[in-house]
S.K.: 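To start, I am sharing the structure in question, which I have written as structure tokens.
Every chain is numbered from 1 and lettered A, B, ... according to where its sequence line falls, protein lines coming before strand lines. Side chains are part of it too, since the values below use all heavy atoms of this structure and drop only hydrogens, waters and symmetry mates.
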2 protein chains.
Amino acid sequence: MAVAPLFRPIDVAPAYQKVADAIEREIVNGRIKPGDPIGTEHDLVRQFGVNRSTIREGIRVLEEGGLIRRDSSRRLHACLPRYSKLASRLSRALVLHEVTFRELYEASMTLEVASIEGAVERATEENIAELTDNLARSEAVVGNPAALAECDAEFHVLVAKASQNRVLQLAREPAAQLFYPTTEMIVTGVAEGGPRLVAAHRHLIDAIRRRDREAGVLWTRRHLQDWRRGFEKIANLDRSVEHMYMEHAQAARRR
Amino acid sequence: MAVAPLFRPIDVAPAYQKVADAIEREIVNGRIKPGDPIGTEHDLVRQFGVNRSTIREGIRVLEEGGLIRRDSSRRLHACLPRYSKLASRLSRALVLHEVTFRELYEASMTLEVASIEGAVERATEENIAELTDNLARSEAVVGNPAALAECDAEFHVLVAKASQNRVLQLAREPAAQLFYPTTEMIVTGVAEGGPRLVAAHRHLIDAIRRRDREAGVLWTRRHLQDWRRGFEKIANLDRSVEHMYMEHAQAARRR
DNA sequence: TACTGTCCCTTTGTCCGACAAAGTTAGAGT
DNA sequence: ACTCTAACTTTGTCGGACAAAGGGACAGTA
């Protein structure tokens, strides 16, 4: 029998962690604003009184977390974590957890419907212009699966943006990133896939413009069901997301 | 006019980045399985042929990304990125982007309803047992706002888990983490808040047990509307999520 | 047998000093 | 006012060093 727990484990974070935490605190609580320069490594050495190696380890942590970046000249400054970078972390996690396309499909059905509802309600003229521009570019590349898949991904990002809800925008992204590569495969394999995809986008923009919620939801559902039907022609919905998809995510993260 | 592109930009990533990428690739494509040891820093020095400082910077990157961890004896091994850790990154990003409680509320309404729908459809006996256990603990601490808020957060995690949809589980978490601190404030400030919260949970478990989708959705909506009413008594829904909430996220991440 | 204390080896966290490459700044020259 | 060059600074990497903590083996003790 173990003794009754009398003490909690004490917290002795290593120095590099403390450095990272200290800088993170300043950024998160707003004393350092996005864009503000953090000093040079040498500055930080002086301020924290630790070795440059230690500082550098701390910096790596923050850089990976997206809280600081190095600009063109490699100087450090604070920045707002980019959704797409965070989302690709999540996508990676989903791959490692071997989620199935069925889970992806189900969750996306919810998330994309919520996006379109928000977009129908609150899209601005500028949002609609962006969507229209995207549609024009999609129509131009309807015969090119890779380019069309990219346009499709962008289209749905724009819809989410038009919803003016950043929580939703962020929540849908990881699943959407995993969809992207399959879209290319489907458009390649299913002859009428490309035109149907573009037609759905047209109807969605139209629904947003007319503030027609029913139509928006309907066409989002159809659009996703199209994806599903196409997917089931080439693979099983219960298969787990494959490792190959990570290439895309990795490339995207680097940007 | 630019000359025809003859060369692709060559990859000049720093060495620590290449180290991190190389290890990441092995983990993501499955050659290193979660739990497998990575070897000591010295091993990696030998394998990659770079200095230990460089290896360590690469390790920090992977550690922060959640792909590798150090066990009790500080040895490195691969691991599955934990949802809660990733989610707290996202929560932090949402705070920095100054999202409003309205966005949080709207997105959660969608995500929590989807969770309960999944749970009603697919909850296992074990899921229900966990929820019931949570309910019992909630009832025991109904007079203690902090403890009750924690139980509430856990309850909704369990509902999402019962949906058997890990994409949904992950998508809802960031928003949920930002809710948590307000729940405590509300239960503290609104007298009947605690009992109503527990009652809603009871109805939700009941709906799951009876596979009654309508009831599940209804009570989830009510539960969230209760939160909203409570929140509006103490603050404006259009206020941005405050920096103070990061303390919670930070503490959670450390675990 | 079960527990304790000890010695040794490994590993990590941190430090120091160094240097090449790339970027920045200031000054010279036109 | 503009360009070119020569310092100077900063980053990325390296080699080597050491204290502290963990793990293992081994002996001593109750």
S.K.: Taking the basic N atoms (NZ, or NE/NH1/NH2) and the acidic carboxylate oxygens, is any pair closer than 4.0 Å for B:Glu98 and A:Lys33?
M.R.: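 So B:Glu98 does not pair with A:Lys33 through a salt bridge.
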S.K.: Could you write nucleotides 4-15 of chain C as a row of B, S and -, 5' to 3', where a protein heavy atom under 4.0 Å of any base atom gives B, of only sugar-phosphate atoms gives S, and otherwise -?
M.R.: -------SBBBB
S.K.: Quick one: A:Ile38 CD1 to D:dT10 P, roughly how many Å, whole number?
M.R.: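 Atom-to-atom, A:Ile38 to D:dT10, this comes out as 15 Å.
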S.K.: Does the pair A:Val50 and A:Lys18 meet the rule for a side-chain contact (heavy atoms from CB on, under 4.5 Å), with working shown?
M.R.: CA-CA 11 Å; A:Val50 296; A:Lys18 289 185 175 175; over 6 Å; no
S.K.: Walk me through whether A:Phe179 and A:His156 qualify under ring pair (Phe, Tyr, Trp, His ring centres under 6.0 Å).
M.R.: CA-CA 11 Å; A:Phe179 262 102; A:His156 294 286; 8.8 Å; no
S.K.: Round to the nearest Å and state the distance from A:Asp71 atom CG to C:dA22 atom P.
M.R.: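 It works out to 17 Å between those atoms.
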S.K.: State, yes or no, whether a side-chain contact exists between A:Leu168 and B:Glu103 at a heavy-atom distance under 4.5 Å.
M.R.: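 When only atoms from C-beta onward are counted, B:Glu103 and A:Leu168 do not touch, as no gap falls below 4.5 Å.
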S.K.: Is B:Glu57 salt-bridged to A:Arg56, cutoff N-O under 4.0 Å?
M.R.: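 Yes, B:Glu57 and A:Arg56 are salt-bridged.
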